[in-house]
Amino acid sequence: MTDVILEKVGKTYPNGYHAIPSVDLTIEEGEFIVLVGPSGCGKSTLLRMVAGLESISTGELRIRSERMNEKEPAERDIAMVFQNYALYPHMSVYDNMAYGLKNRGMPKDQIAEKVSDVAAMLGLTELLQRKPRQLSGGQRQRVAMGRAMVRDPKVFLFDEPLSNLDAKLRVQMRVEIRQLQRKLGTTTLYVTHDQVEAMTLADRLVVLNKGKAEQIGTPMDLYNKPATPFVAAFIGSPSMNLIDANLTEQGIKLSEALTLPLSHQHRGGIVWEFVQSTWK
Amino acid sequence: MIENRPWLTFASHATLFTGIALVALPVWLALVASTHPASAFGVGHIPLWFGDAGAETWGTVLFEKAGNGVDTPVWFMMLNSLIMALGITFGKIAISLLSAYAIVFFRFPFRNLCFWVIFMTLMLPVEVRIVPTYEVVANLDLLNSYTGLTLPLIASATATFLFRQCFLSIPGELVEAARMDGAGPWRFFFDILLPLSRTNIAALFVILFIYGWNQYLWPLLITTDDAYYTLVMSIKRMLSVTDGDIAWNQIMATTLLAMLPPVAVVIGMQKLFVKGLVDSEK
Ligand SMILES: Nc1ncnc2c1ncn2[C@@H]1O[C@H](COP(=O)(O)OP(=O)(O)OP(=O)(O)O)[C@@H](O)[C@H]1O
Ligand SMILES: [Mg+2]
């Protein structure tokens, strides 16, 4: 079942900056979608439009076939984990997690049950009475995730949630996020600029470049069959070598001296696909 | 600096004690003076040790009448002062919290204009606009009333600025997280904003309470009825007796009493006050 549909979604900021021309994306239920791309390519913008924190200038966003463009963030049944966690500093871990439920008018005992369930799942039970400033970075990250999870949202949104953690913890949290997501089966949209994170987490990747989706596909698809030179250069480390060439009747002309015939199979595989895409 | 030189310790303590003595001396003199009979001051020297008329003077001043032409007891004027000071304090805090909230978190037409209009009131303290303000208050029939005492002093830009700075330092992600959690404008204000500016509010409370308590010119101008006299202004009244001796002992006792509430507020809220001025826990 399709869960989230972005149809020709575009964004023009009030200052006239055209951040995202038009993006089409269909997300299946339970899918883990990662948005990657260089800094400033519009990943956060796209995510925030889904969240409802930025207005959608053109196109339509549907979650479970319901139009969301005009809905408030709280009415979209989504939860977001922010880069700097954005925990309420004056509230205990428990209150941080309970706040959203309280605002929805859920009865107290039900809230307590929910929070303690999620806290147990994330190993936060001991920390429920602490204030955010008494927690380590990793623990804060967990609380932020807990706050998103207690609400049983239809969609999780993550904006570079691990970028403030050290390398080792990042790997550990990555695994944990993926496991939790599998267990809960919640559709997830995840922004990162770290390719390793992107390749390991994603069911499907969206590579963004200047607000355009260059390619949408599984990690292996993107790695083996990049659709554009941008994707080819962006994915992989060290990155792929790119050589300018001309396609002529004789074959692929790399320079005056060197022309590769088109039937040159043993090198041709990758080069040919690449050339195909540039030719288009 | 970790140094352990005995003479340095001695010198610094000596300096401190001298400072304390200098500052405390007038208070001490006032205290001593209030325990002597009024006649003791006519002879030209100031007593340095307690006399024996203390209980009588303090009793009269506090519960019967302050003397020197002021016929209301100090406790009553203290109550008036308290009502005025607290009215000004809470009024100012409430108004400036709300206006700062509007300016920082809402996008409405002429937002900048509003900001600058508020800013301009900084240049118009009561003393500057006293004649027109008096006119307005008189026309509204607010002379000799608590409303008249407090209202014209409440609108102020300083506190608005303080809260504006405080609100601006709240990270945008926090505001967005609250939005995702379904907190509307009022919920956000009461659940997030107020608790986060708690220490600022406390610091401002101290400053504004003292400001309100020490108001002199405005109450002097608009109260003619004993029932609304405030403590600070009536000290001046007590000094301007035309006939006979000034009863300094009564004046000193009244003055000391007038000092007490601000001192109590400062001491009581010291911790929060300092925290509010240096705090950056956000
Ligand atoms: N409020 C705004 N007004 C105008 N332009 C904006 C605004 N916010 C972002 N932009 C511009 O939109 C583009 C995309 O920004 P966005 O924050 O989505 O980038 P990003 O892909 O998340 O980058 P990063 O990886 O650095 O977080 C940038 O060029 C940015 O300058
Ligand atoms: Mg970003």
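Hydrogens, waters and symmetry mates are skipped; everything else that's a heavy atom, side chains included, is used. Quick caveat: nothing in here was measured; it's all calculated off a predicted structure.
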Ring centroid separation B:F209 to B:F90 under 6.0 Å: no
Suppose we call two aromatic rings close when their centres sit under 6.0 Å apart. Are B:F119 and B:F161 close by that rule? yes
Which atoms of [X] are under 4.5 Å from chain B, going by heavy atoms: the side chain, the backbone, both sets, or neither?
X      : result
A:R76  : neither
A:A144 : neither
A:E72  : side chain
A:L87  : backbone

Side chain B:W218, main chain B:G148, donor-acceptor under 3.5 Å: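 Yes, the answer is positive, given that a donor and an acceptor are paired below the 3.5 Å cut-off.
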Check A:R64 with A:E29, please: is the shortest side-chain N to carboxylate O separation under 4.0 Å?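 Yes, charged N to carboxylate O under 4.0 Å.
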Fit a plane to each ring of A:H90 and A:Y88, take the angle between them on a 0 to 90° scale, and name the class: parallel (under 30°), tilted (30 to 60°) or perpendicular (over 60°).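 Rings of A:H90 and A:Y88: tilted, as their planes differ by 30° to 60°.
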Tell me, out of A:R104, A:M91, A:R151, A:K102, who's got the most heavy-atom pairs with chain B below 4.5 Å. A:R151
Quick one: which of B:G172, B:G182, B:A177 has the most heavy-atom pairs under 4.5 Å with chain A, could you say?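 Highest number of heavy-atom pairs under 4.5 Å: B:A177.
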